[in-house]
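Notes for the one structure printed next.
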Amino acid sequence: MRISTVVFGGVLLQVVGVLGLRGLVGVRMSSATVPASISSLPTTLSRNSSSSTSSPQITTASSATTDVSRGPSSSNSFSASPSTITSSLGARPPVQKRAAIPACLKTVELSCLNLAANCIDTVNSGTFNNLWGIKSCVAAATCYGVGDLVTSVECQTGFTVTNAAQASLDYNTIYAGIVGSCAFASGGCSITQQNYIDFYYGELTAINSANFPSSNAVVIAFWNAITVWAATGSSVPYLNFNDWLHFSSFPSTTTTTAPPVVSYTQIDWNPNPAPSSGAVSETFVKSTTTVIIAIPTITTTVIVAGTVITLAPGGTPINGPLPSGVSLPGAITPTWNPNIIPPTSVPSVTFTAPPSFTTVVAVPTASNSPPKNITGPPGDKNSNGDDWWLLLFPGIIGGLLPLDIGIPGGVKPTAAPPPGWAGPWSDPDPTSTSTSTNSASASSSASSSSSCPQPTSVYALSDDSENADWQDLGSDPDRRRSTLVPRAGRSISLPNCGISVANGNAIANPNTVNLGAGTYYTIGLKAAGGVNTVLNPIGVGSRPVGNGPNTVNQEHVFELGYIKQYFESLNANGITCAWILNNVYNRAGWDGVTPWALSLLQDIDQAGNPVHPFELLLNLSCLQAVNMVWVDKPLNQAKSNVVNQDKATAADPPQRSNMNSITDVTAGGSSVNLIQDVEYFARNFAALGTYFGNTAATFRATALRIQNRLAQITPATPDVNLPVQFNNWLRGLVATYPNGCTSRANNVFNFYQNKMTTLANQNNGGVVPQCFPLYHTGITAQTFTWQNLIPTAPTLPTCDIPGTEGILQFGINPNGTPEPSVSTFRVLGSGRTDFYALGDGDDFAGDHFIGEDLSAQFAACQGAWDIGLSNGATVPTTDAFLNLNCNGQTGNQVTAGVSFVVNNQVLGCVSINSEVAGGGGLLIYIICSSTTAAATTCANAILQANFPNGNLLTGSLQFIPT
Ligand SMILES: *[C@@H]1O[C@H](CO)[C@@H](O)[C@H](O)[C@H]1NC(C)=O
């Protein structure tokens with residue numbers, strides 16, 4: 001070992017070189033790779049099932065004459081005499097209808113469930129207090145229970161429905177229909193068991209039920225429960241049956257249930273022909289060339305007349321359409337199955353259609369059970385012209401569903417190109433993503449009524465102008481990219497410092513990272529309506545359908561704009577643009593080539609592992625982005641308001657100008673879509689706190705990459721401690737976010753509510769329709785723990801920060817004089833956030849202190865290290881980091897105690913010197929070990945063995961800034 005200090009002409013020239021060559025340390029990036037672990041999951045996007053409005057489908061009884069002169073008289077205050085019972089055929093306002101919401105129904109025997117479903121389908125704003133004027137409701141009550149049926153009606157309609165408020169059983173249209181013409185005979189007549197059985201089956205037939213009771217005994221049991229309650233013997237008179245309908249049971253709890261949702265899932269769709277099952281070979285023809293191969297079992301390429309085709313195991317051509325001119329005789333071109341996929345492992349499947357068709361069909365229980373043949377609403381046909389479809393074991397749809405049939409809880413497939421697909425690809429089922437268009441037209445025809453229109457149009461609120469794209473400063477790449485063609489790499493602009501894309505001096509990331517499989521944060525689709533603000537993370541395989549075209553963004557959790565903001569904060573604190581550009585932005589990093597600006601970009605736009613092995617070969621940008629999630633556009637807009645710190649006052653809240661465009665509060669008015677968009681925006685804003693909380697780990701991991709990157713930098717002058725300042729700045733910024741979320745969300749809501757109230761007073765008699773439910777319920781804006789977003793702060797010494805230059809004082813020699821170094825050293829950013837490094841190069845990639853293990857050379861030096869410069873080192877060494885003892889002082893002129901850190905152990909250090917024979921100079925060695933005492937023992941052993949004339953220097957090592 002030749003840590004030497006050589007005297008030339010009386011000047012100490014220390015060659016503090018250790019041992020062998022180490023050369024450049026190379027690029028050591030802490031946390032350069034972050035595993036991508038977003039698994040490819042089926043998409044389940046909430047989406048409202050089809051629903052629309054129409055005129056009511058009213059169950060009619062035989063039209064009995066209305067001049068009933070006789071009938072049971074009533075002494076009950078709630079009942080009316082038959083002659084005053086109005087027919088359910090009476091005029092009523094236009095109503096909105098929708099198919100039964102399965103979540104509003106309890107689980108019962110299936111024939112009964114169909115009756116209850118038909119009942120709750122049928123009830124509307126004009127009839128919710130006249131349930132016993134609706135045949136299917138009366139029939140349903142007998143098997144489902146009165147109280148539970150009332151609860152289900154309330155759940156379905158959202159009206160306040162009570163048993164007590166119900167009108168009496170309709171005598172003419174229902175009771176008379178049950179008992180027959182004796183109803184109008186003198187004294188009337190009672191319901192017999194046979195009457196009831198006939199009524200029950202008759203009503204099942206009337207509603208086209210797909211399910212009937214398994215036996216009469218089931219129905220008789222329903223009846224027996226009523227006769228036991230009525231205690232009128234084997235038959236039950238009108239008054240007693242009416243009493244049963246009013247007093248037998250009461251709703252116990254009010255069920256509140258979310259509207260039905262239809263989920264969408266994207267399925268990779270490879271339209272290329274594939275070998276038929278059982279084929280043993282595959283034939284390719286191009287022009288006059290025929291190539292025949294065995295069906296491949298691994299990914300294979302074939303070359304047909306010079307054209308390369310990649311085949312998946314099984315022989316399906318992948319990665320793009322078959323090259324033109326190539327055909328696969330005998331292969332099968334797949335066809336897309338657009339059917340909704342029913343929920344799995346359920347005993348029954350519910351089919352719905354607007355306006356009020358609901359049928360519940362039991363799933364065949366065995367592979368040899370006959371399929372159920374189902375017919376939809378009258379006249380309903382699928383694209384083959386059939387009016388039927390099948391439900392097969394174990395819950396699969398056979399045939400084609402008519403387009404308007406929905407399956408609550410089912411999953412609607414939408415097609416997406418398979419991973420790695422390049423070249424043209426056409427959607428085999430373009431209608432599947434345009435459901436909103438279909439239902440929009442359905443409801444626009446109905447929206448002239450006074451009923452509540454369901455949200456149907458695509459979310460259309462424009463961005464606040466303050467949120468206009470950050471001009472390459474960190475907004476997500478969606479806004480200026482097409483779906484299929486990734487945009488060019490992003491760059492960090494520093495407009496304050498004249499750095500921009502427009503100026504041509506912004507450093508761009510040549511790599512593009514796009515989000516495919518990932519997490520989709522959504523409160524559910526706008527079409528579901530309601531007041532929900534629960535943000536759910538959903539694993540998706542690719543871009544979700546969302547609220548329509550261009551309504552789902554790939555969002556950077558930690559945005560590029562933070563780098564701009566950070567440098568602006570330095571700027572504001574007196575760090576010049578020249579310093580930022582020369583020391584960071586344009587300065588080459590440890591590899592001598594890559595500017596730090598590009599490394600920072602890549603720390604943010606980081607990709608995980610290739611989703612598909614070919615992506616690497618084909619250089620496709622399908623890598624999973626580790627810092628991106630899918631979000632609905634309004635959530636993205638809300639986040640922009642907070643991170644851009646704009647629209648911060650109650651008078652000027654986010655989306656103010658769009659809210660000011662509301663001119664009509666009526667449910668059928670011209671502002672309906674706008675109001676629904678504003679409510680959806682406000683709900684998303686309320687959920688923004690949860691978004692920040694849920695994505696905190698991703699944010700923190702990205703911020704930590706930045707912090708560690710900044711810790712690698714050694715500026716030419718020590719004007720700012722980059723990683724420390726970054727952590728402080730980010731901490732101060734993110735601490736404002738929780739209030740930034742809640743105050744803006746509340747401002748949005750309050751502004752909206754005031755606007756609506758004002759308009760209602762002007763043009764709607766002070767009434768804001770219930771159709772705009774958020775107005776009536778308000779929001780609870782969510783918050784989060786901002787500290788979870790912040791990486792652990794650096795624990796770096798507070799003095800002599802990277803860029804500080806000085807000398808080392810090795811100790812006191814036997815003459816009593818300090819032994820200083822002649823050459824100057826520089827404190828270096830080491831890439832760590834606990835210790836700096838020391839060297840005489842420009843940065844840590846250059847010459848710096850390292851350690852050679854002495855254990856093998858000296859028995860007394862177990863665990864001891866010889867610390868010296870890396871240049872010229874010829875034996876294996878380990879980086880030595882600088883342990884500076886600032887003694888509580890700050891600033892860059894602090895004489896600080898020095899020891900070194902090797903393998904994460906803080907060592908105690910001593911120095912020894914030795915004259916080179918013949919006045920050739922002075923060798924100095926720094927010896928460190930677990931303690932200063934152990935280092936001293938080792939140093940003495942070295943002196944004894946190799947340098948009998950050398951000395952142990954006393955006192956400690958110090959760094960003295962120059
Ligand atoms: C289903 O029933 C319809 C009549 O309702 C019939 O035309 C059709 O052939 C049946 N389908 C099957 C596969 O049994």
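When a ligand or atom number is given, it counts from 1 through the structure's own listing order.
Here the OG atom belonging to Ser168 is positioned 4.0 Å from the CG atom belonging to Asn242, to the nearest 0.5 angstrom.
Under the 30°/60° scheme for interplanar angles, the aromatic rings of Trp223 and Tyr196 are found to lie parallel.
Nearest protein neighbour of atom 7 (O) of ligand 1, counting heavy atoms only, is Trp388 NE1, 3.8 Å. Residue, atom and distance of the protein heavy atom nearest to atom 14 (O) of ligand 1 are Asn373 ND2, 3.3 Å.
Counting protein heavy atoms under 4.0 angstrom from atom 4 (C) of ligand 1 gives zero.
In terms of modelled atom types and a separation under 3.5 Å, the side chain of Trp132 and the main chain of Lys135 share no donor-acceptor contact. A donor-acceptor pair under 3.5 Å links the side-chain atoms of Tyr175 to the main chain of Tyr238, judged by distance alone.
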